[in-house]
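What follows is a short report on a single structure.
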Amino acid sequence: MSQVAGRIVRELHDEPHLDGRRITVQFIKEQIEDRGLTPRTVADRHDLDVADVYRALTYYHDHPEEMRAVERQRDAAIEEHEHLTTDPNDVRG
């Protein structure tokens, strides 16, 4: 087993996350690739070793089918529960 795979597990979530943490691979990818944060910034903000941030990114890109399945699962869950959320503008009166 590679060192990358050894630090990425599915023990606490239904999706890959850092061993011993509740921080998902998807979250790390979003912070860096979607929000434009640096790996060092993400590591510092979440008390992570910067190597673990890079391991999560490596895992994301080494397992594209699995990560697409995770994204589809998240989207389905959001859609399924969307009716339970309230727009803040609807609350203000």
Side-chain angles (χ1 to χ4, degrees):
M1 175 171 41
S2 75
Q3 188 176 6
V4 170
R7 290 284 298 146
I8 307 297
V9 297
R10 283 182 167 260
E11 296 168 351
L12 300 174
H13 297 286
D14 288 337
E15 64 183 270
H17 60 278
L18 293 172
D19 189 21
R21 303 297 302 266
R22 294 178 183 260
I23 298 174
T24 65
V25 167
Q26 181 72 24
F27 174 81
I28 291 173
K29 178 265 183 192
E30 289 169 355
Q31 296 301 297
I32 295 167
E33 295 185 7
D34 300 345
R35 293 193 61 217
L37 299 176
T38 66
R40 169 58 61 195
T41 298
V42 173
D44 290 347
R45 286 185 181 178
H46 300 284
D47 193 28
L48 299 170
D49 184 335
V50 73
D52 282 337
V53 173
Y54 282 107
R55 284 183 185 102
L57 288 173
T58 299
Y59 188 93
Y60 180 89
H61 291 288
D62 281 351
H63 300 87
E65 290 299 320
E66 178 183 8
M67 297 313 301
R68 277 195 291 275
V70 165
E71 290 167 5
R72 284 190 303 270
Q73 184 179 22
R74 279 183 169 200
D75 290 345
I78 289 168
E79 189 174 311
E80 180 181 341
H81 296 94
E82 195 169 37
H83 69 282
L84 299 174
T85 61
T86 303
D87 185 324
N89 292 324
D90 293 342
V91 176
R92 295 185 181 114

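Atom set for the values below is all heavy atoms of this structure, side chains included, hydrogens, waters and symmetry mates excluded. None of these values were measured; they are calculated from a predicted model.
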Problem - Nearest-0.5 Å distance that lies between atom NZ in K29 and atom OG1 in T24 - result: 11.0 Å
Problem - Stepwise salt bridge (Lys or Arg N to Asp or Glu O under 4.0 Å) test for R74 and E30 - result: CA-CA 13 Å; R74 279 183 169 200; E30 289 169 355; 3.5 Å; yes
Exercise for the section: Compare all side-chain heavy atoms of E66 with those of R10 and state whether any distance is below 4.5 angstrom. Expected result: yes
Practice task
Please name all residues satisfying side-chain contact (heavy atoms from CB on, under 4.5 Å) with A77, sequence neighbours left out, ordered by chain then number.
Solution key: none
Exercise for the section: Before accepting this row, confirm whether a basic side-chain N of the pair D75/R72 lies closer than 4.0 Å to the acidic partner's carboxylate O. Expected result: no
Fill in the blank from the handout: Shortest non-hydrogen pair, A56 vs I8, comes out as CA-CD1, 4.0 Å
Fill in the blank from the handout: Contacts of H46 meeting ring pair (Phe, Tyr, Trp, His ring centres under 6.0 Å) (sequence neighbours excluded), chain-then-number -> F27
Practice task
Find the distance between CZ (R40) and CD1 (I32) and round it off to the nearest 0.5 Å.
Solution key: 11.5 Å
Problem - Side-chain (T41) to main-chain (L37) donor-acceptor, under 3.5 angstrom - result: no
Handout entry: Contact check, side chains of V9 and P16, non-hydrogen atoms, under 4.5 Å
Key = no
Handout entry: Close side-chain approach of D14 and Q73, heavy atoms under 4.5 Å
Key = yes
Problem - Side-chain touch H17/I23, heavy atoms, less than 4.5 angstrom - result: no
Problem - Sub-4.5 Å side-chain heavy-atom contact between L57 and E33 - result: yes
Handout entry: Distance, nearest 0.5 Å, that separates NE2 of H63 from CZ of R68
Key = 12.5 Å
Problem - Shortest non-hydrogen contact between D47 and R21, atoms and distance - result: O-NH1, 3.0 Å
Problem - Min side-chain heavy-atom separation L18-L48 under 4.5 Å - result: yes
